[in-house]
Amino acid sequence: MKKIEIDTPSAESLIVCGDGAFEKYIPELCTGLTFTVTDSNVYKLYRGIFDGVFSSCGQVYVIPAGERSKNYSVLLGILKAMLAAGLKRNSTVFAVGGGVVGDIAGLAASLYMRGVDLVQVPTTLLSQVDSSVGGKTAIDLNGVKNIVGTFYQPGNVVVDPLFLKTLPAREVRCGLGEIIKYGALGKDIYVKLIENKNNLKSPSFLRDITYDCIAFKADVVRRDEREGGLRKILNLGHTTGHAFELFYKRKSHGEFVLIGMYYELYIAVKCGICAPEYAKSLIELIKKVITVPAYGDVREACRMAMYDKKNVRPREVSLVVPSSPGKPQELRLSAERYAELVQSCSDELKKEGA
Ligand SMILES: NC(=O)c1ccc[n+]([C@@H]2O[C@H](COP(=O)([O-])OP(=O)(O)OC[C@H]3O[C@@H](n4cnc5c(N)ncnc54)[C@H](O)[C@@H]3O)[C@@H](O)[C@H]2O)c1
């Protein structure tokens, strides 16, 4: 079992990672009154286990699976149920599921009585490599992703790769989106991805790389918990990814991260920031996981990038792009230039028959 600690000005988080982590650590964390949030798919699959572990020390609250649950009325439902269950300041909230459950249950835990203990138990690849770590919580509002939220560190994160045995192939692809993002940020992860490019989906590779991604993120969060500077790099691929996610919908977050990374690599090369050979190697990884689509007129979709939280000036879009292995950098473009480049990338993809 591997362990990583994150010490930030606001809290300490202990992350345990390994097969069987759930069985080994969850019972000892179930002290006092607990409140467990999970989603309908996860509950259907793991009801037997959850009823044994969580129901004996508190309530299990099930939200509908999917991004659509990350909204104000589901949040209110969770908070009302926490109140009705008699949760106290020393109670613990368990968020057991993918990034949707982690984000909304984390937000509820940070709001109830101004904050109760939170344990993240990520069950998707994406939430194991990324969203369960670092303390970002959120819901969407009026279709804008993660616009209402808090920074709230979980006291514990229990990462058990055994949950991935039931994960559909599409969700593995989504997790690989964030993993390739880490490859574009960290040199060692990049090297491992390139060495294993024909083996990206194998469980043993995923187990190994998950730990590397968590360790990379933990290091960034330790140095910049509230995204004043360095932490922005974790948004690589997300400016365009989120804009497309908002506008085109249909695909999942992780898939849009991969598509966003492809478009932003094209932009980085066109702007002379990223060496074409390096971009090509990352694009090869992306193409092993997803077929990147061309879109028609992208102007409306690009307008969605104006909501990006990294933007500092009006009519300007801020992106984080790779320049060379281990060296991401911020790129600011006028909204017009950004839309022009996204359009040109889409047009080239169309020519290639995407
Ligand atoms: N807080 C952060 O730092 C952060 C970082 C990245 C992404 N996110 C957020 O995370 C969300 C995406 O997370 P996600 O990809 O995990 O999506 P998700 O939570 O919707 O889970 C994807 C699907 O997998 C199912 N599932 C979960 N565990 C399973 C299992 N073990 N077996 C079978 N099915 C299972 C879920 O029911 C769901 O249908 C987005 O809302 C995104 O904004 C947050």
Side-chain angles (χ1 to χ4, degrees), residues 6 13 22 37-47 49-50 62-71 74-75 95-107 109-110 118 120-141 143-154 157-179 181-182 203 206 210 213-214 217-218 220-221 225-227 231-238 241-242 244-246 249 251-258 260 308-309:
I6 308 185
S13 247
F22 182 90
V37 183
T38 189
D39 79 23
S40 47
N41 290 339
V42 178
Y43 190 58
K44 209 182 281 169
L45 286 163
Y46 294 99
R47 184 181 185 156
I49 297 172
F50 294 174
V62 183
I63 65 171
E67 182 72 26
R68 269 194 231 142
S69 276
K70 256 175 77 170
N71 66 47
V74 174
L75 174 69
V96 190
V100 166
V101 168
D103 279 9
I104 196 168
L107 181 55
S110 75
L118 170 67
Q120 289 279 2
V121 187
T123 62
T124 60
L125 181 60
L126 184 144
S127 58
Q128 296 196 345
V129 295
D130 195 4
S131 63
S132 62
V133 172
K136 276 192 183 177
T137 81
I139 52 167
D140 308 333
L141 184 66
V144 181
K145 285 271 305 169
N146 301 332
I147 201 72
V148 176
T150 54
F151 285 98
Y152 193 68
Q153 295 298 338
V157 184
V158 178
V159 179
D160 191 336
L162 292 180
F163 278 114
L164 305 184
K165 284 191 173 166
T166 54
L167 202 64
R170 182 177 181 191
E171 300 305 333
V172 174
R173 212 157 60 211
C174 291
L176 277 164
E178 298 287 1
I179 290 172
K181 174 193 84 176
Y182 283 106
L206 290 177
T210 293
C213 294
I214 295 173
K217 183 167 186 180
V220 171
V221 172
E225 184 185 17
R226 297 203 155 227
E227 205 163 300
R231 188 167 177 173
K232 283 187 198 166
I233 62 169
L234 300 178
N235 291 301
L236 190 142
H238 283 62
H242 275 165
F244 283 4
E245 186 175 354
L246 270 176
K249 304 190 168 74
K251 290 189 174 19
S252 320
H253 175 78
E255 292 170 313
F256 277 119
V257 169
L258 282 160
D308 195 280
K309 292 189 276 306

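Nothing here was measured: the structure is a model prediction, and the numbers come from that model. Just so you know, ligand 1 is whichever comes first in the structure, and atom 1 is the first atom listed for that ligand.
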Quick one: does K145 get an N or O within less than 3.5 Å of an N or O on ligand 1? yes
Purely on distance, is any nitrogen or oxygen of G99 under 3.5 Å from one on ligand 1? yes
Side chains of H238 and E178, donor plus acceptor under 3.5 Å: yes
Measure across L206 and L176 and return the closest heavy-atom pair with its distance rounded to 0.1 Å. CD2-CD2, 4.1 Å
Nearest-contact summary for atom 12 (C) of ligand 1 - protein heavy atom, Å: L126 CD2, 3.9 Å
CZ/R170: more than 12 non-hydrogen atoms of other groups inside 6.0 Å: yes
Atom 3 (O) of ligand 1 has as its nearest protein heavy atom K217 NZ, 3.5 Å
Quick note on ligand 1: atoms under 4.0 Å from a heavy atom of T166 include exactly 30 (C), 31 (N), 32 (N), 33 (C)
Closest heavy-atom contact between F151 and E225? CE2-O, 3.4 Å
Just jot down the ligand 1 atoms closer than 4.0 angstrom to any heavy atom of D103, in number order. 1 (N), 2 (C), 8 (N), 9 (C), 44 (C)
Find all atoms of ligand 1 within a distance of less than 4.0 Å from any non-hydrogen atom belonging to K70, and give their numbers and elements. 9 (C), 40 (C), 41 (O), 42 (C), 43 (O)
In short, A95 meets Q120 closest at the heavy-atom pair CB-OE1, 3.4 Å
protein heavy-atom neighbour closest to atom 35 (C) of ligand 1 works out as L167 CD1, 3.7 Å
Tell me whether E178 reaches ligand 1 (any heavy atom closer than 4.0 angstrom to a ligand atom). yes
For ligand 1 and R231, I'd like to know whether there is a polar contact (N/O to N/O, distance under 3.5 Å). no
Those atoms of ligand 1 less than 4.0 Å from some heavy atom in P168: 33 (C), 34 (N)
Starting from atom 21 (O) of ligand 1, locate the nearest protein heavy atom and write down its residue, its atom name and how far away it is, to 0.1 Å. T124 CG2, 3.6 Å
Which residue and heavy atom of the protein sit nearest atom 28 (N) of ligand 1, plus the separation: T123 OG1, 2.7 Å
Protein heavy atom at shortest distance from atom 18 (P) of ligand 1: V100 CG2, 3.9 Å
Heavy atom under 4.0 Å from ligand 1: found in N146's side chain, backbone, both, or neither? side chain
Within ligand 1, which atoms have a heavy atom of D130 less than 4.0 Å away? 5 (C), 6 (C)
Tell me which one of D308, I139, D140 satisfies side chain to side chain contact (heavy atoms under 4.5 Å, CB included) with K145. D140
Relative to the ring of H253, is the ring of H242 parallel (under 30°), tilted (30 to 60°) or perpendicular (over 60°)? tilted
Show me which atoms of ligand 1 lie under 4.0 Å from any heavy atom of E67. 40 (C), 41 (O)
Within reach of ligand 1, part of L45 (heavy-atom separation under 4.0 Å): side chain
Can you give me the closest heavy-atom contact between V221 and G134, atom names plus distance? CG2-CA, 3.8 Å
When you measure from the side chain of K70 to the backbone N and O of I104, does any donor-acceptor pair fall under 3.5 Å? no
Looking at K136 and E227, does any basic side-chain N land under 4.0 Å from a carboxylate oxygen? yes
Between F22 and F50, how do the two ring planes meet: parallel, tilted or perpendicular, split at 30° and 60°? tilted
Is it the case that ligand 1 has an N or O less than 3.5 angstrom from some N or O of F163? yes
Taking all heavy atoms of A65 and all of S40, pick out the closest pair and write down the distance. N-OG, 2.9 Å
Nearest-neighbour protein heavy atom for atom 22 (C) of ligand 1, which is reported as residue plus atom name and distance: E171 OE1, 3.3 Å
Spell out, as yes or no, whether a donor-acceptor pair under 3.5 Å connects the side chain of S252 to the backbone of E255. no
What pair of heavy atoms forms the shortest contact from T150 to S110, and how long is it? OG1-OG, 3.0 Å
How far is atom 5 (C) of ligand 1 from its nearest protein heavy atom, and which residue and atom name does that atom have? S131 CB, 3.4 Å
Do any nitrogen or oxygen atoms of N41 come within less than 3.5 Å of a nitrogen or oxygen of ligand 1? yes
A65 neighbourhood, listing ligand 1 atoms whose heavy-atom distance to it stays under 4.0 Å: 37 (O)
Near D39 (heavy-atom distance under 4.0 Å), the atoms of ligand 1 are 36 (C), 37 (O)
Using a 4.0 Å heavy-atom threshold (strictly under), name the region of K136 that reaches ligand 1: side chain, backbone, both or neither. both
Side chains of Y46 and T166: do they bring a donor and an acceptor to under 3.5 Å? yes
